[in-house]
Amino acid sequence: MATELVSEGRPIDVLVNNAGLMQPPERQVTRDGFELQFGTNHLGHFALTLALLPLLRAGRARVTHQTSIAARSGTINWDDLNWERSYDVMKAYSQSKLAVALFARELDARSRAGGWGITSNMAHPGISPTNLLAAQPGLGRPKDSAGRRLIGVLARVGIAGTVDSAAQPGVIAAVSTASRGDQFVGPTRLIGGPPAEVELWKPLRNMDDARAPVVGSVRTADRGARVVLNSRRPFCGSIGGRRHCGVGAGSRAWSTRSCTRPMMTSI
C-alpha cells in the first residue's frame, strides 16, 4: 500500500494509525516473526508512517496514533522485546500500546526539530464493547472473551463507553482545529465519558524509553526480516530498500534519509 501511495505522489493530510489486536489465546507471531501484538499494534504503524514520510511532509499532515489505557501501566521489556523467554499476553499488549504512544511523541519532537510540518498526537478510546475482544476465529478465539462480555454489561449501565464514544477521541485528535502536536485525547472518566484533552500517563512521559539503547536479541523466521537488539547503537530500519533510524533508540540520526548506522530492523 505504501509503495502504491508513494508512487502516486499525492500529499497526505491525515493519517490515523488505528489497526490493532489484543490478547491472542496463545503467543503468536507475525509473518516476519515478531510477537503478534507488538508487530501489529506498533511495528506495522511504525513501518507505514516511515514509508509515507515524504507524503506526510508534503501534506503537512496530522498523524494520530491510537493507544490504550493498557499503556498506563505498560513498560518496554528491553531484555526480551519479542517475549520469547516467557510470555505474558497482557504485558505484551501493554508494551505494544506504550510503544505506539512513545513513537507518537518522538515523531512530533523530530518533526518540530527538523521542520517537517507534521503534527503527531495520541488518542485512547477508553473501554468499550468493540470487536477487540470479541470472537476472532482467525486469532484462535472462537467466542467472545469474558472481558468482552463484562465490558458489554458496563457499557449498558453507562460505566464504560460505547463503540461510538470510543471512536470520538481519535476523530477529534485527527481533525479538530484545536488539535495540536504531542497532545493526548481520551475520555474524561478514563474508561468512558466525553472526549477531551487528558494528562499524559507516567509511562508516556518517559521519553528515555523512546530513545533508549536497546538490549537483547530477536531474530525472525521468515522473509529475511530480523531484529538484532544486542547493540548500543540506534534502532534503525530498512523499509522499501532504504534505511531509516527510528523510535526505540532515537538519536540525532533519526530522519527520513538513509541511515549510515548498522541496520537493526528490516520490515
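Everything numeric in this text was worked out from a predicted model, so none of it was measured.
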Ion pair D182/R105, N-O distance below 4.0 Å: yes
Taking the side chain as C-beta and beyond, is there a heavy-atom pair between R57 and P54 under 4.5 Å? no
Run R110 and I118 through side chain to side chain contact (heavy atoms under 4.5 Å, CB included) and show every step you take. CA-CA 9 Å; R110 298 288 169 163; I118 297 170; over 6 Å; no
Where do N121 and V185 land on the side chain to side chain contact (heavy atoms under 4.5 Å, CB included) test, with the steps shown first? CA-CA 8 Å; N121 59 22; V185 181; 5.9 Å; no
Any side-chain heavy-atom pair from E26 and V89 closer than 4.5 angstrom? no
Within the structure provided, determine whether V29 and F34 are in side-chain contact (heavy-atom separation under 4.5 Å). no
Chi angles and distances behind the side-chain hydrogen bond (donor to acceptor under 3.5 Å, both in side chains) call for D108, S120: CA-CA 5 Å; D108 192 75; S120 173; 5.3 Å; no
Using 30° and 60° as the class limits, which term best fits the ring planes of W83 and Y87: parallel, tilted or perpendicular? perpendicular
Can you confirm whether I151 sits close enough to R149 that some side-chain heavy atom of one is under 4.5 Å from a side-chain heavy atom of the other? no
Min side-chain heavy-atom separation E197-R180 under 4.5 Å: yes
Just wondering, do E106 and M207 contact through their side chains at under 4.5 Å, heavy atoms? yes
Is the gap between the ring centers of F184 and W201 under 6.0 Å? yes
Verdict with reasoning, L139 to L36, per side chain to side chain contact (heavy atoms under 4.5 Å, CB included): CA-CA 10 Å; L139 197 62; L36 187 62; 3.5 Å; yes
Heavy-atom neighbours of R205 CZ exceed 12 at 6.0 Å: yes
Decide yes or no for L98 and P203: does some side-chain heavy atom of the first lie under 4.5 Å from some side-chain heavy atom of the second? yes
Would you mind reporting whether N41 and Y93 have side-chain heavy atoms less than 4.5 Å apart? yes
Would you say that more than 12 heavy atoms from the other residues, nucleotides or ligands in this model lie under 6.0 Å from the CZ of R141, or not? yes
Without hydrogens or angle criteria, can the side chains of E35 and Q37 be said to hold a donor-acceptor pair below 3.5 Å? yes
E4 vs V6, test: side chain to side chain contact (heavy atoms under 4.5 Å, CB included). Steps then yes/no. CA-CA 5 Å; E4 182 178 342; V6 171; over 6 Å; no
Give a yes-or-no answer on whether the side chains of T64 and N17 include a donor-acceptor pair shorter than 3.5 Å. no
Treating N77 as the side-chain partner and D80 as the backbone partner, does any N or O pair qualify as donor plus acceptor under 3.5 Å? yes
Would you say E8 has more than 12 foreign heavy atoms packed within less than 6.0 Å of its CD? yes
F103 ring center near H45 ring center (under 6.0 Å): no
